[in-house]
Amino acid sequence: MLDLGAHHGWFFHCWQDWCPAARIHAFEPFPESFEAMARAYGNDPRVQLNQLGVGDAVGCLSLNVLSESLVSNSFLDPRDETWRRVGYATGAVSRVSVPVTTVDAYVREQGLEQIYLAKIDVQGFEMRVLRGAEQSLPRIDHIFVEAAIFPLYEGAPSFADVFEFLTARGFHLMTMRAWHRGNHALVETDMLFRRNDLAPPGDEQNERYYLEFR
């Protein structure tokens, strides 16, 4: 399982509760968040922690650090008008340079043959991550991705852009969940996609492909 944008590790911690034998590869570029994750999970042999951002090219990028919303740190500039519209606050914005990889480069380096789930929570950088994962998509069973209805960042894709990209590459949407509402408006959604060529759910010979989303 790939956790792209792991912050303090909450998502993969929940995943481990559901699947204790899972091997986790977690990515978090912001030093303070990575250090908190390392304190909590650095001794867990099931988890490989990577202090890296993820995008469409290997290198370094400037990460915007939002003092009042560290979970919303992004490689993209906040769109101030949208933040005000939905009643969110960024606080002071500073920048830190961080190393960045791609899913394709990492998968090659690690020799990963099969990925059951890729979780993408990258604050407007979704399309960059997906473009950097094109070669790996055929070996990813499920993709769980947060995307915007009202983009909070300059140049961020909408949920429709992400949907069209993945459906054009052999995935279908299984479900959507709304997590954030600002000013009575639906702002973001989490989408779960499944690769089309997997065996149908319920096929006992291919049980590993079945993800029951609760």
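In this structure, F193 has its ring center no closer than 6.0 Å to that of H172.
Counting only heavy atoms from C-beta outward, the side chains of V47 and Q16 approach each other to under 4.5 Å. Contact of the Y116 side chain with the I140 side chain is not registered, since no non-hydrogen atoms from C-beta on lie closer than 4.5 Å. Inter-residue side-chain proximity for D3 and F27 is flagged as unmet; no heavy-atom pair is nearer than 4.5 Å. A heavy-atom distance below 4.5 Å is not found between the side chains of F171 and F165. Between N64 and Y153 the shortest side-chain heavy-atom distance does not fall below 4.5 Å. Taking the side chain as every heavy atom from C-beta outward, W15 and P20 never approach each other to under 4.5 Å. Considering only heavy atoms from C-beta on, R85 comes within 4.5 Å of F150 through its side chain. In this structure, M1 and H25 have side chains that are not in contact, with every pair of non-hydrogen atoms separated by 4.5 Å or more.
In this structure, E68 has no salt bridge (charged side-chain N to carboxylate O under 4.0 Å, His left out) partners at least two apart in sequence or on a different chain.
Residue E154 places its CD atom among more than 12 non-hydrogen atoms of other residues, nucleotides or ligands, all under 6.0 Å distant.
With D141 contributing its side chain and L117 its backbone, the two residues share no donor-acceptor pair below 3.5 Å. Side-chain atoms of E28 come within 3.5 Å of backbone atoms of F30 as a donor-acceptor pair (strictly under, hydrogens ignored). A donor-acceptor pair under 3.5 Å links the side-chain atoms of N73 to the main chain of L66, judged by distance alone. Of the possible donor and acceptor atoms, one in the side chain of D104 sits under 3.5 Å from a partner among the backbone N and O of Q135. The backbone N or O of S33 sits nowhere less than 3.5 Å from a side-chain atom of E35 that would complete a donor-acceptor pair.
Ionic pairing of D77 and R95 is present here: one or more N-O contacts between side-chain nitrogen and carboxylate oxygen are shorter than 4.0 angstrom. A salt bridge links E134 and R169; the closest N-O separation between the charged side-chain nitrogens and carboxylate oxygens is under 4.0 Å. Salt bridge absent: R177 and D190 never bring a charged side-chain N and a carboxylate O closer than 4.0 Å.
In the model, Q123 has a side-chain atom that pairs as donor or acceptor with a side-chain atom of E146 under 3.5 Å.
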